[in-house]
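Everything numeric in this text was worked out from a predicted model, so none of it was measured.
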Amino acid sequence: MEKLLDGVEVKWEFLDKVSDYEQPTKYLVKSKNYSDDFDIPVLTAGKTFILGYTDEIDGVYKASKNPVIIFDDFTTANKWVDFDFKAKSSAMKMITSKNESEVLLKYIYYWLNTLPTELVEGDHKRQWISNFANKLIPIPDLQIQEEIVRILDTFTELTAELTAELTARKMQYKYYQDKLLTFEEGDVEWKTLGEIGEFVRGNGLQKSDFAESGVGCIHYGQIYTYYGNFAYQTKSFVSPTLATKLRKAQKGDLIIATTSENIEDVCKPLVWLGEDEVCVSGETYIFKHNQNPKYLAYYLQTPMFFDYKKQNRTGTKVIRVHGDKLEKFKIPIPSLTEQNRIVSILDKFDALTSSITEGLPREIKLRQKQYEYYRNMLLSFPKGEV
């Protein structure tokens with residue numbers, strides 16, 4: 001890299017001098033009949049990106065022959081697209097290079113992603129014309145551009161490979177989880193949760209009660225926004241005085257969030273494995289029992305429990321499942337030895353697919369940081385006197 005960038009001369013050009021844009025008008029999809037059985041992806045601006053797939057064959061943008069940058073005119077989000085597509089959003093622009101023999105489009109794409117966001121909240125103006133067209137982009141020699149693109153493509157491919165690996169491992173994890181936790185009626189004893197344990201309602205803890213230090217506490221919203229399946233330490237604390245008034249979970253208890261805005265998160269279980277008691281908020285249940293707590297937590301993530309909570313929920317915007325319904329849910333109870341065997345297998349998959357300290361998500365995060373570091377270094381040219 002030192003050789004690559006040593007003494008490099010660059011010229012600075014306004015972005016609209018080296019790139020063209022096209023409105024998506026000719027490529028807008030007409031039908032809303034999307035299906036995975038169709039071939040042509042339908043793109044929208046922003047994070048959603050691929051809305052679905054259409055069978056429309058007219059007005060398809062042939063990005064497989066001439067790749068483009070999809071630019072969201074309101075949020076400035078952008079994607080590199082090298083496959084044919086139809087468009088849904090009129091808020092996006094297709095960006096191309098005016099002359100690939102002078103400025104590589106892929107180089108422009110990587111440079112765009114080094115720019116800090118300048119969006120003002122509530123500002124709904126179109127960003128390409130009003131803002132980005134006037135950005136100054138450094139243009140080094142074409143060979144330098146090619147080498148920068150090659151290096152950053154390599155990082156992108158590494159991250160894509162890891163992401164594909166994570167997706168495959170998650171599918172594998174789901175398969176074995178469902179297989180290991182599926183029992184025939186006569187194979188094991190089935191009991192309701194109310195028969196094997198006790199539900200204790202959390203109380204009184206608000207986010208405004210958090211302190212810098214003190215007694216560990218878990219707010220129900222943190223169960224599905226911060227924690228994984230298990231926790232040894234807490235993110236938040238409350239004062240010792242308030243802690244005396246709050247209900248507490250002990251090691252091995254399940255803390256179950258009974259309120260959420262979606263059916264996926266409601267009743268998500270968190271196994272508390274810390275040595276000290278931990279305070280919990282309202283909108284939770286502490287489930288006390290004498291089984292392997294991880295086994296119970298894994299079973300409460302199966303399709304069987306998902307269907308049960310879906311049938312027994314209340315509310316639409318705010319979804320709840322009440323304790324009397326949870327008590328009636330039937331669960332297979334194999335021997336503790338069998339529970340431990342199942343948990344040991346699923347723990348390995350959980351660490352691989354979920355852990356941010358030892359699994360693939362951590363590796364992906366580190367690779368992304370590495371990519372961003374080198375991208376910013378490679379594309380940071382001194383402006384001099386522009």
Side-chain angles (χ1 to χ4, degrees), residues 15-101 103-115 117-119 123-133 135 137 149 152-153 155-157 159-168 170-171 262 264 364 368 371 375:
L15 192 52
D16 67 346
K17 299 297 183 184
V18 298
S19 64
D20 289 319
Y21 72 88
E22 186 177 2
Q23 300 282 14
T25 310
K26 295 189 296 185
Y27 313 103
L28 293 176
V29 68
K30 296 175 182 177
S31 171
K32 293 183 180 179
N33 181 29
Y34 303 148
S35 171
D36 290 343
D37 294 330
F38 300 147
D39 295 327
I40 303 298
V42 180
L43 307 187
T44 186
K47 293 182 179 179
T48 306
F49 191 45
I50 298 181
L51 285 176
Y53 296 83
T54 182
D55 59 351
E56 293 183 20
I57 57 175
D58 294 327
V60 173
Y61 195 106
K62 300 292 185 180
S64 59
K65 296 181 178 178
N66 297 294
V68 292
I69 301 169
I70 296 294
F71 182 88
D72 184 336
D73 226 353
F74 291 123
T75 69
T76 72
N78 62 83
K79 298 278 189 180
W80 175 262
V81 179
D82 54 8
F83 51 83
D84 298 346
F85 64 89
K86 294 277 289 184
K88 175 63 177 175
S89 173
S90 60
M92 70 189 204
K93 285 182 167 60
M94 281 80 77
I95 311 301
T96 54
S97 172
K98 283 185 182 292
N99 188 344
E100 276 282 319
S101 64
V103 184
L104 297 175
L105 182 64
K106 197 67 168 290
Y107 173 84
I108 295 174
Y109 167 72
Y110 282 128
W111 176 80
L112 278 173
N113 284 283
T114 67
L115 299 178
T117 180
E118 299 174 1
L119 289 178
D123 182 5
H124 295 293
K125 67 183 179 182
R126 301 274 181 160
Q127 292 292 324
W128 188 261
I129 296 298
S130 63
N131 188 356
F132 277 72
K135 298 285 186 186
I137 178 173
V149 166
L152 297 180
D153 275 351
F155 279 115
T156 302
E157 288 167 11
T159 305
E161 287 173 6
L162 286 170
T163 303
E165 173 78 2
L166 178 59
T167 301
K170 282 183 174 179
M171 291 175 66
N262 61 70
E264 287 76 20
I364 291 170
Q368 184 65 25
Y371 155 72
R375 180 196 64 195

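A 4.5 Å side-chain heavy-atom check between Met94 and Ile70 finds at least one atom pair inside the cut-off. Looking only at side-chain heavy atoms (C-beta outward), Asp16 and Trp128 stay at 4.5 Å or farther from each other. In this structure, the side chains of Val81 and Phe49 come closer than 4.5 Å at one or more pairs of heavy atoms. Within the 4.5 Å cutoff, no side-chain heavy atoms of Ser90 are placed close to those of Gln23. For the pair Thr156/Tyr110, a side-chain contact is recorded, criterion being any heavy-atom separation below 4.5 Å from C-beta on.
For residues 89-98, the salt bridge (charged side-chain N to carboxylate O under 4.0 Å, His left out) pairs, not counting sequence neighbours, are Asp20-Lys98, Asp73-Lys93. Residue pairs meeting the ring-ring contact (aromatic ring centres under 6.0 Å, His included) criterion with at least one partner in residues 75-100, sequence neighbours excluded, are Tyr61-Phe85, Trp80-Tyr109.
Enclosure of atom CD1 in Ile57 is not indicated, since only 12 or fewer non-hydrogen atoms of other residues, nucleotides or ligands lie within 6.0 angstrom.
Shortest non-hydrogen contact noted between Thr54 and Glu56 is OG1-N, 3.2 Å. The shortest non-hydrogen separation linking Ala63 to Asp84 is N-OD1, 3.3 Å. The two atoms that bring Met92 and Ala87 nearest to each other are CE-CB, 3.2 Å, heavy atoms only.
Put simply, CG on Asp82 and CG on Asn66 are 11.5 Å apart, with the number rounded to the nearest 0.5 Å. The CG atom of Leu105 lies 4.0 Å from the CD1 atom of Ile69; values are rounded to the nearest 0.5 Å. One finds the OH atom of Tyr53 at 10.0 Å from the CG atom of Asp39 (value rounded to the nearest 0.5 Å). To the nearest 0.5 Å, atoms CG (Asp37) and CG (Asp55) are separated by 10.5 Å.
For the side-chain hydrogen bond (donor to acceptor under 3.5 Å, both in side chains) test, no residue two or more places apart in sequence or in another chain qualifies with Asp58. Among residues two or more places apart in sequence or in another chain, the side chain to side chain contact (heavy atoms under 4.5 Å, CB included) test is passed with Thr159 by Thr163, Ile364, Arg367, Gln368. Legend: residues meeting ring pair (Phe, Tyr, Trp, His ring centres under 6.0 Å) with Phe132, ordered by chain and number and at least two apart, are Phe71.
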task: Start with the C-alpha distance between Tyr21 and Leu15, add both sets of side-chain angles, then the distance that settles side chain to side chain contact (heavy atoms under 4.5 Å, CB included), and finish with yes or no.
output: CA-CA 11 Å; Tyr21 72 88; Leu15 192 52; over 6 Å; no
All N/O donor-acceptor pairs, side-chain side in residues 25-33, below 3.5 Å, sequence neighbours left out:
residue : atom : partner : partner atom : Å
Tyr27   : OH   : Glu22   : OE2          : 2.9
Ser31   : OG   : Asn33   : N            : 2.9

